[in-house]
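In this chain, residues are counted from 1 in sequence order. Just so you know, these numbers come straight off a predicted model, no measurement behind them. All values below were derived from every heavy atom in this structure, side-chain atoms included, with hydrogens, water molecules and symmetry-related copies excluded.
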Amino acid sequence: MLPGNFGQCCRQRATNFGQCCRQRATRLSSARSSLRTKVIAGKSPRIPSSSRVGSSIWGQQPEQVDRIFQALRKGLKDYLENHQTELDFLSSQQRDTKRNSRLAFFYDLEKEIRALERYIRRLEFQISKVEELYESYCIQWRLCQGALNMKRAFSLSPSSRQSRESLLELNRNHRHSLEDMCAMEGELEILLGELQIKMKGLIGFARLCPGDQYEVLIRLGRQRWRIRGRIQTDDQQLWDEEEIVFLPHIHGNFEIKVTEVKGLSSILVGMVTCRSADFFTAWPQMMVVDITELGTIKLQLEVVWK
């Protein structure tokens, strides 16, 4: 039998935090959605393409959310470690400067160190927010699992008025926990930053001939980047755009489609999907994707996470 105060306990633990999350997520998500794609630049090492992961609401795909949390936390800690190493180097320079250097250079170095210390504090605060959000998500997910297990147990027991009332309370608790998890999804997406993407061109060896025209469509959720390029006589590639910024999503993956343009018609070359969670690293990366099944045509993109 279900303890009488189980529903009240779940509601008290979930509702207070959920209301706060929903208010913050609604306010910040509206600001985030007003951003527009813009021109950027970046450099990078290799990233493999991944199999497609279907979109779903947060509460139905906790494994995807956990993957995003872990990648985000690792990327932020890598950023922190790199900047801490730089701070240690500048601090050692500062000690040497005090003994033998010009006063103006010492002041410039002091200013750079203070700016780096402020940035490190912001990174530490960002990491603490991610870890706090992850802990809250885990609590809500355990509450969801507990409610589901109790519902299964009641479905196997004889029906009674008390069991029906308990089932109604469990359904309410489960729904509220899912709502809180969706609110946390909005909180997490705000912390994901942005992905700067630069077009590096197609690799096709004998498949690419002078005069060929290609169209590349990159989608991430509702964001799209459609660009056209031409292979010139000197084997150089000329694209109408080269750089853009995407805002990553919890369940959104990069969908890449390449078509060859011939007059008024077009021929599909290939499609591929890559997980955006693989790009949350402190270092720029080179994304090399096999567009065709045999890898005769590849696409190169530079991806920088900020």
Side-chain angles (χ1 to χ4, degrees), residues 37 40 42-56 60-61 63-68 70-71 75 192 194-281 283-305:
T37 53
I40 45 77
K43 294 184 179 179
S44 355
R46 171 183 173 83
I47 289 184
S49 61
S50 309
S51 60
R52 179 171 181 171
V53 180
S55 296
S56 170
Q60 293 177 350
Q61 261 195 354
E63 295 82 6
Q64 171 72 2
V65 178
D66 183 75
R67 188 182 299 115
I68 293 289
Q70 301 301 338
L192 294 182
E194 61 185 25
L195 294 172
Q196 299 181 349
I197 300 176
K198 183 176 183 180
M199 181 63 163
K200 299 299 291 181
L202 294 170
I203 303 174
F205 309 106
R207 285 290 304 272
L208 302 179
C209 301
D212 289 349
Q213 295 186 56
Y214 290 89
E215 182 179 89
V216 177
L217 173 63
I218 302 177
R219 297 196 306 174
L220 182 62
R222 296 183 178 180
Q223 304 167 87
R224 295 188 178 192
W225 189 30
R226 189 189 300 271
I227 53 175
R228 284 198 176 193
R230 174 188 292 271
I231 310 300
Q232 298 181 306
T233 54
D234 56 355
D235 291 333
Q236 297 294 319
Q237 300 179 22
L238 182 62
W239 297 89
D240 51 11
E241 284 185 80
E242 292 187 353
E243 301 163 339
I244 202 170
V245 165
F246 278 104
L247 300 177
H249 297 290
I250 298 294
H251 302 292
N253 296 308
F254 282 102
E255 298 179 359
I256 303 172
K257 177 182 178 181
V258 178
T259 56
E260 184 177 359
V261 181
K262 292 190 174 182
L264 299 177
S265 62
S266 59
I267 301 174
L268 178 64
V269 178
M271 298 177 63
V272 69
T273 302
C274 305
R275 287 192 313 209
S276 57
D278 297 331
F279 304 140
F280 298 138
T281 62
W283 299 274
Q285 301 185 67
M286 181 67 72
M287 179 177 173
V288 181
V289 181
D290 290 334
I291 300 301
T292 58
E293 293 184 0
L294 298 178
T296 53
I297 291 184
K298 303 175 186 291
L299 177 68
Q300 274 190 318
L301 298 170
E302 289 183 356
V303 182
V304 179
W305 175 53

> Rounded to the nearest 0.5 Å, how far apart are CG of Asp240 and CE of Met199?
Replying inline: 9.5 Å

> Going by the ring pair (Phe, Tyr, Trp, His ring centres under 6.0 Å) test, which pairs reach into residues 286-305, not counting sequence neighbours?
Replying inline: Tyr79-Trp305, Phe280-Trp305

>> If you apply the rule side-chain contact (heavy atoms from CB on, under 4.5 Å), what do you find for Lys200 with Met286, and how did you get there?
In response: CA-CA 9 Å; Lys200 299 299 291 181; Met286 181 67 72; 4.1 Å; yes

> Which is it for Val65 and Ile250 under the side-chain contact (heavy atoms from CB on, under 4.5 Å) test, yes or no, and what are the steps along the way?
Replying inline: CA-CA 7 Å; Val65 178; Ile250 298 294; 4.0 Å; yes

>> Tell me every residue that passes side-chain hydrogen bond (donor to acceptor under 3.5 Å, both in side chains) with Arg228, counting only those two or more places apart in sequence or in another chain.
In response: Glu215

> Which distance, rounded to the nearest 0.5 Å, do you find between the CD1 of Ile218 and the CE of Met287?
Replying inline: 7.0 Å

>> Give me the atom names and distance for the closest heavy-atom approach of Gln237 to Ile231.
In response: CG-CD1, 3.6 Å

>> Would you compute the distance between atom CD1 of Ile197 and atom CD of Glu241 and round it to the nearest 0.5 angstrom?
In response: 12.0 Å

>> For Trp225, give me all partners under ring-ring contact (aromatic ring centres under 6.0 Å, His included), at least two apart in sequence or on another chain.
In response: none

Can you give the donor-acceptor pairs under 3.5 Å from side chains of residues 205-214 to other protein atoms, not counting sequence neighbours?
| unit_1 | atom_1 | unit_2 | atom_2 | d |
| --- | --- | --- | --- | --- |
| Arg207 | NH1 | Thr296 | OG1 | 3.1 |
| Asp212 | OD2 | Cys209 | N | 3.0 |

> Where do Gly252 and Ser276 come nearest, in terms of heavy atoms and distance?
Replying inline: O-OG, 2.9 Å

>> So, using side-chain contact (heavy atoms from CB on, under 4.5 Å) as the criterion, who are the partners of Glu293 when residues are at least two apart?
In response: none

>> On a heavy-atom basis, which atom in Ala71 and which in Ala277 lie closest, and how many Å separate them?
In response: CB-O, 3.5 Å

>> Within this structure, what is the CG-CH2 distance for the pair Leu202 and Trp239, rounded to the nearest 0.5 Å?
In response: 4.0 Å

> Do you know which two heavy atoms are closest between His249 and Leu220, and how far apart they sit?
Replying inline: CD2-O, 4.0 Å

>> I'd like to check the side-chain contact (heavy atoms from CB on, under 4.5 Å) partners of Leu217; sequence neighbours left out, ordered by chain and number.
In response: Arg219, Arg224, Arg226, Lys257

> Side chains of Phe254 and Val289: does their closest heavy-atom pair fall under 4.5 Å?
Replying inline: no

>> Just verifying a value: how many Å separate Ile256 CD1 and Thr273 OG1, rounded to the nearest 0.5 Å?
In response: 8.0 Å

>> So which atom in Val258 and which in Leu268 form the shortest heavy-atom distance, rounded to 0.1 Å?
In response: O-CD1, 3.6 Å

